[in-house]
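Some notes on the structure that comes next.
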Amino acid sequence: MASSHRAPPRGPFAAVPASALPASAGLGLKPEHFLDILATRPALGFFEIHAENYMVPGGPFHHYLGRIRADHALSVHGVGLSIGGAGPLDEAHLDRLAVLLDRYAPESFSEHLAWSSHGERYFNDLLPAPYNAATLAAVCAHIDRVQERLGRRMLLENPSTYVEFVASDIDEPVFLSEIVRRTGCGLLLDVNNLYVSCTNHGRDPYAELERLPLAAVGEIHLAGFAHALDSRGAPLLIDSHGAPVAQAVWTLYDAALMLTGPVATLIERDNDIPAFAVLCAEAMEAGRRIAALNETAMPA
Amino acid sequence: MNAPLFPAGQAWPDDFAAALLDPARPAPAGLTSWNGSDPAQRFAVYRNNVTVSLIDALADTFPVVQALVGVDFFRAMAREFVRAAPPASPVLAGYGDEFPAFVAGFAPAAGVPYLADVARLEYARVLVFHAADATPVAADAVAALLAEPATLPGLAVRFVPACSLLRSRWAIASLWAAHQTDDAAGDLSRIDPAAPENALVCRRGLDVEVRALAAGDAAFVAALMGGASLGEAIALGAGEPGFDLAGALGLLLAADAIAGFTPAGEGEQR
């Protein structure tokens, strides 16, 4: 297991693993697929939900999530906490998260190194922050508060970004490593985001991968991107979650797995959602790569 | 309490946030790119993500409004709404409560006077879809009540949370229903939009249902939802055309709308 050689985490929840998801492939849970999942009980390692979609009082979403959760491990993935934001955390939103986590007792809770709210406005996008001493302190204070309020360690996801800041003087792998060191949170390694950001900023994703705090990885995300160009004609990849995983991302994923060991891996698809069987086949592809790693590591 | 303040004058995040929804503002200062490409063009990706994702959220909530005016008109109208009234909460199920009022005041849509009320119906459907679960009373509970006419007028009705009534000058229930079929155009041609209608929106099991109510029945149900006793509600219903007490109670029962009965004055208004 990858966890056996992880550095001991710090912080008040050090004794608790940041993620208890099985080291196998999972899918994002989409309402379009509720009935297919209940009918077929697919052999997936876990399902992941966006926390905010289930912050409703009752009705079909909770009905189906309760039934599906009874059969599968669950990852709760927040998109609205704005951990990378400049303002204070939204305590009312933290309260809603606590209720959701109490209700479904997921094997993992994760959020983003990004911001999505400012003042009284919620932007429904994962927005970038400069990386410097001030923002590092703010992000760590936010994660400390999240972990304290929720009574558990969380995973923090590396972002897809399209711009960089003049005010940044720390690079992303160091920034993430320092967050993990100071807060004891785990890393949700989004391999697609790593590929997208490195492409968009002229960096080598393989070199950057090796500098991430890989001992803290509790989950991997894979997704598809869309192609655009910047004003000089260089590729500008958009994290669309609207396409199959690209071949280049599968290859980078293989390299990541070699460094992390087997780890829970999610296929993310939030737009142009295909039939459930199509997503299952993509998850099985990730599962095959995890299994191949097990065979390599433990020859019969 | 839990976040240090950032140095005054730093462009991020105030300028960044302000520029996301205001196309007249320049991209925020302080952005850079590895290859000297234009940061403003890169920033436009965020602008587009924010605007399009919020328009998409509205399109999910208001599909019949979109069908009535067409995708291009709807998205242009929604874009103006998103810029004027972005969500305050990351729970987007509640985004759109102000959209019907915006539609009502949106001058280019003035030729479709029923559009705002159809939007109110669609937003009510989302609220009912996600409303708290509750156990409705069984059908024989009302039969027992009707068998004791002496106590009936003094009772109030407790409604389940997943229940809402809309009263409109326009044929909102018929307009909505026409878009649930494969032949919306054919069905629409048989509807007089100017015929006033009332819609009871309730959840049966996991499905949200929309039922048209006569004016008298709607006045009766509205009074009950306001906390009136059955006696008071019957008087109000009888003052309008098309009131049928047994029919109205039967409709509420069939819609799984009734959570129970309480002596009037003790019930919760809603």
Side-chain angles (χ1 to χ4, degrees), chain A residues 52-53 55-64 78-82 85-90 92-93 96 115-130 134-135 137-138 141-142 144-145 162-168 200-203 228 230-234 236 238 271, chain B residues 1-7 10-14 16-18 20-21 27-50 53-54 56-57 86-95 126 128-134 161-162 203 205-208:
Chain A
E52 286 70 16
N53 290 344
M55 290 178 179
V56 292
F61 278 28
H62 286 294
H63 169 87
Y64 286 114
V79 299
L81 206 44
S82 217
L89 283 180
D90 179 348
H93 197 60
R96 288 191 286 266
W115 57 285
S116 51
S117 296
H118 187 62
E120 295 299 305
R121 291 178 164 193
Y122 173 68
F123 294 106
N124 199 33
D125 194 26
L126 297 165
L127 300 161
T135 57
H142 287 164
D144 286 345
R145 175 60 191 147
Y162 312 111
V163 297
E164 293 181 298
F165 292 87
V166 174
S168 289
N200 290 349
H201 306 308
R203 303 194 292 254
D230 72 14
S231 68
R232 297 194 62 167
L236 183 66
I238 315 292
N271 294 298
Chain B
M1 172 193 84
N2 52 36
L5 295 173
F6 285 79
Q10 184 174 310
W12 180 87
D14 291 341
F16 201 112
L20 285 169
L21 285 169
L31 302 182
T32 184
S33 64
W34 67 285
N35 60 353
S37 63
D38 178 14
Q41 184 249 7
R42 289 166 168 259
F43 176 77
V45 174
Y46 294 108
R47 239 178 199 155
N48 184 66
N49 284 352
V50 169
S53 73
L54 291 173
D56 287 347
S89 164
V91 184
L92 286 183
Y95 186 50
V126 170
V128 166
F129 183 82
H130 290 303
D133 301 325
R203 198 171 75 215
L206 298 173
D207 298 321
V208 177

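Chain A is the first sequence line, chain B the second, and so forth, proteins listed ahead of strands; every chain is numbered from 1. Computed from a predicted structure; not experimentally measured.
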Original post:
Between the main-chain N or O of A:Tyr162 and the side-chain N or O of B:Arg42, is there a donor-acceptor pair closer than 3.5 Å?
Top reply: yes

Subject >> Portion of B:Ala88 that has a non-hydrogen atom of chain A nearer than 4.5 angstrom >> reply: both

Original post:
When rounded to the nearest 0.5 angstrom, what distance separates CG in A:Asp230 from CG in B:Asn35?
Top reply: 4.5 Å

Subject >> Reported NE2-to-OG distance for the pair A:His93 and B:Ser89, which is rounded to 0.5 angstrom >> reply: 7.0 Å

Original post:
Out of curiosity, B:Leu20 CG to A:Leu127 CG, how far, rounded to the nearest 0.5 Å?
Top reply: 5.5 Å

**OP:** Assess the side chains of B:Asp133 and A:His63: does a donor N or O sit below 3.5 Å from an acceptor N or O?
**Re:** no

Subject >> Spatial distance of atom NE2 (B:His130) from atom CG (A:Asn53) [nearest 0.5 Å] >> reply: 8.0 Å

Original post:
Does the ring centre of B:Tyr46 sit less than 6.0 Å away from the ring centre of A:Phe123?
Top reply: no

Subject >> Sidechain-backbone polar pair: B:Trp34 side chain, A:Asn200 backbone, donor-acceptor under 3.5 Å >> reply: yes

Original post:
Can you say whether B:Leu31 sits under 4.5 Å from chain A via the side chain, the backbone, both, or neither, judging by heavy atoms?
Top reply: both

Original post:
Quick one: CG on A:Asn124 to OH on B:Tyr95, what's the gap to the nearest 0.5 Å?
Top reply: 9.5 Å

Original post:
Are any side-chain N or O atoms of B:Gln41 and backbone N or O atoms of A:Ser231, one a donor and one an acceptor, separated by less than 3.5 Å?
Top reply: yes

Original post:
Which region of A:His118, side chain (C-beta onward) or backbone (N, CA, C, O), has a non-hydrogen atom less than 4.5 Å from a non-hydrogen atom of chain B, or is it both or neither?
Top reply: side chain

